[in-house]
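This report refers to the structure that appears directly beneath it.
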Amino acid sequence: MAAELIYTKEPLRVKVPMKPYVVKFLLKKFGKTHKASKNSWLGLNAIELLRKDYCKPVKLTSKNYFTIVIPYSLCVQNGHFVDYTKFPELEKKCENIFRNFMYDFIQINSVNAGSGGVTRSLRNFLAFYKINEDELKSDSVYRQYMRYLNEQMTDLKTDKKKAS
C-alpha cells in the first residue's frame with residue numbers, strides 16, 4: 001500500500017521561529033499574521049520556503065514565532081511543503097530589515113532631536129515596538145549604530161576619492 005498525500009485548498013500556515021524583538025517588529029508592521037504574496041518582501045521570502053518534495057516538520061522549541069499564511073494558489077505554483085532548513089536564513093533577512101528600519105528611524109529622528117538625539121531616537125523606536133531591554137540591549141544597539149555610521153562615512157570618503 002502506497003502512502004497517500006492529501007492536499008487541501010486551505011492556505012498553508014507557517015510558524016517561523018524568530019528572535020522576540022523581530023517578532024514584535026513584524027507584529028506591529030503586519031499584524032498577527034501576514035498573507036504571503038508576490039508584492040511584499042516577506043511574502044516573497046516566504047514563497048522561497050516552499051518546495052515540492054516532502055520535508056519532515058521540525059518541532060518549534062522557540063516560544064517566539066511569526067505566522068505567515070501562504071494561499072493555496074501560491075502552493076500550487078511553488079509546492080505544498082515547507083523547507084524548514086531555510087528558517088534561519090529567513091530570520092536573518094527579517095533581522096536585517098528590522099535593523100535597517102531602526103537605523104533609518106534613528107537617522108531621521110536624531111536630526112530633529114538635536115543633542116542626545118541618537119539615544120532618544122533609539123529609546124523611542126524601542127518603545128514604539130514595545131521591545132524590552134531584556135530582548136535587545138539599547139547600549140549594544142547604540143554601539144552597532146555608531147559602527148554603522150562610521151562605515152557609511154568611510155564609504156562616502158572612498159567614493160569621493162574615487163570620483164576625483
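What you are looking at is a predicted structure, and each value in this text was computed from that prediction instead of being measured. In what follows, residues are counted from 1 in the order of the sequence shown.
Note that OH of Tyr148 is 6.5 Å distant from CG of Asn100, once rounded to the nearest 0.5 Å. Here OH of Tyr145 is found 4.5 Å from OG of Ser110. Values are rounded to the nearest 0.5 Å. Note: Lys19 NZ to Ile131 CD1 = 12.5 Å, rounded to the nearest 0.5 Å. With rounding to the nearest 0.5 angstrom, the CG atom of Asn45 is 13.0 Å from the CD atom of Glu91. The distance from atom CG of Asn109 to atom OG of Ser121, rounded to the nearest 0.5 Å, is 4.5 Å.
Annotation: Lys92, atom NZ; neighbour count of heavy atoms from other residues, nucleotides and ligands within 6.0 Å does not exceed 12. Counting non-hydrogen atoms of neighbouring residues, nucleotides and ligands closer than 6.0 angstrom, the OH atom of Tyr65 reaches no more than 12 such neighbours. In this structure, Tyr142 places its OH atom where only 12 or fewer heavy-atom neighbours from other residues, nucleotides or ligands lie under 6.0 Å away.
Legend: residues meeting ring-ring contact (aromatic ring centres under 6.0 Å, His included) with Phe98, ordered by chain and number and at least two apart, are Tyr21, Phe25, Phe125.
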Ile68 and Ile70: CA distance, side-chain angles, deciding distance, side-chain contact (heavy atoms from CB on, under 4.5 Å) verdict
CA-CA 6 Å; Ile68 302 171; Ile70 304 174; 4.2 Å; yes
Please walk me through it: do Leu49 and Asp83 pass side-chain contact (heavy atoms from CB on, under 4.5 Å)?
CA-CA 5 Å; Leu49 295 174; Asp83 187 355; 5.5 Å; no
Criterion side-chain contact (heavy atoms from CB on, under 4.5 Å) on Leu44 and Ser40, from CA distance to verdict
CA-CA 6 Å; Leu44 286 170; Ser40 73; over 6 Å; no
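Counting only distance, with no hydrogens or angles, the side chain of Asn132 and the backbone of Asp134 share no donor-acceptor pair below 3.5 Å. Although no hydrogens or angles enter the test, the distance criterion places no donor-acceptor pair under 3.5 Å between the side chain of Glu95 and the main chain of Val22.
Within the structure, salt bridge (Lys or Arg N to Asp or Glu O under 4.0 Å) pairs that include any residue of residues 24-38 comprise Lys24-Glu135 (at least two apart or interchain).
The two residues Leu50 and Cys75 make their nearest non-hydrogen contact at CD1-CA, 4.2 Å. Taking all atoms of both residues into account, the shortest heavy-atom contact from Val82 to Cys55 is O-CB, 3.4 Å. When all heavy atoms of Val69 and Pro11 are compared, the pair lying nearest together is CG1-CB, 3.6 Å. In terms of heavy-atom proximity, Leu26 sits nearest to Trp41 at CD2-CH2, 3.9 Å. Residues Leu42 and Phe30 approach most closely at CD2-CE1, 3.6 Å, considering heavy atoms. Between Phe66 and Val23 the shortest heavy-atom distance is N-CG2, 4.4 Å.
The pair Glu151-Arg147 does not meet the salt-bridge criterion, since no charged nitrogen lies less than 4.0 angstrom from a carboxylate oxygen. Between Glu133 and Arg123, no side-chain nitrogen of the basic residue sits less than 4.0 Å from a carboxylate oxygen of the acidic one, so the salt-bridge criterion is not met.
Under the 4.5 Å side-chain criterion, counting only non-hydrogen atoms from C-beta, Glu48 is not in contact with Asn78. In this structure the side chain of Leu122 reaches within 4.5 angstrom of the side chain of Met102, judged on heavy atoms. Residues Gln144 and Tyr103 have side chains in contact (heavy-atom distance under 4.5 Å, counting atoms from C-beta outward). Counting only heavy atoms from C-beta outward, the side chains of Leu12 and Phe81 never approach each other to under 4.5 Å. In this structure, the side chains of Thr67 and Lys15 come closer than 4.5 Å at one or more pairs of heavy atoms. In this structure, Leu136 and Leu126 have side chains that are in contact, with non-hydrogen atoms separated by less than 4.5 Å. Asn124 places a side-chain heavy atom less than 4.5 Å from the side chain of Arg120.
Checked against the 6.0 Å centroid criterion, the rings of Tyr72 and His80 qualify as a close aromatic pair.
Counted by atom type alone, Asn39 and Ser37 present zero donor-acceptor pairs between their side chains at under 3.5 Å.
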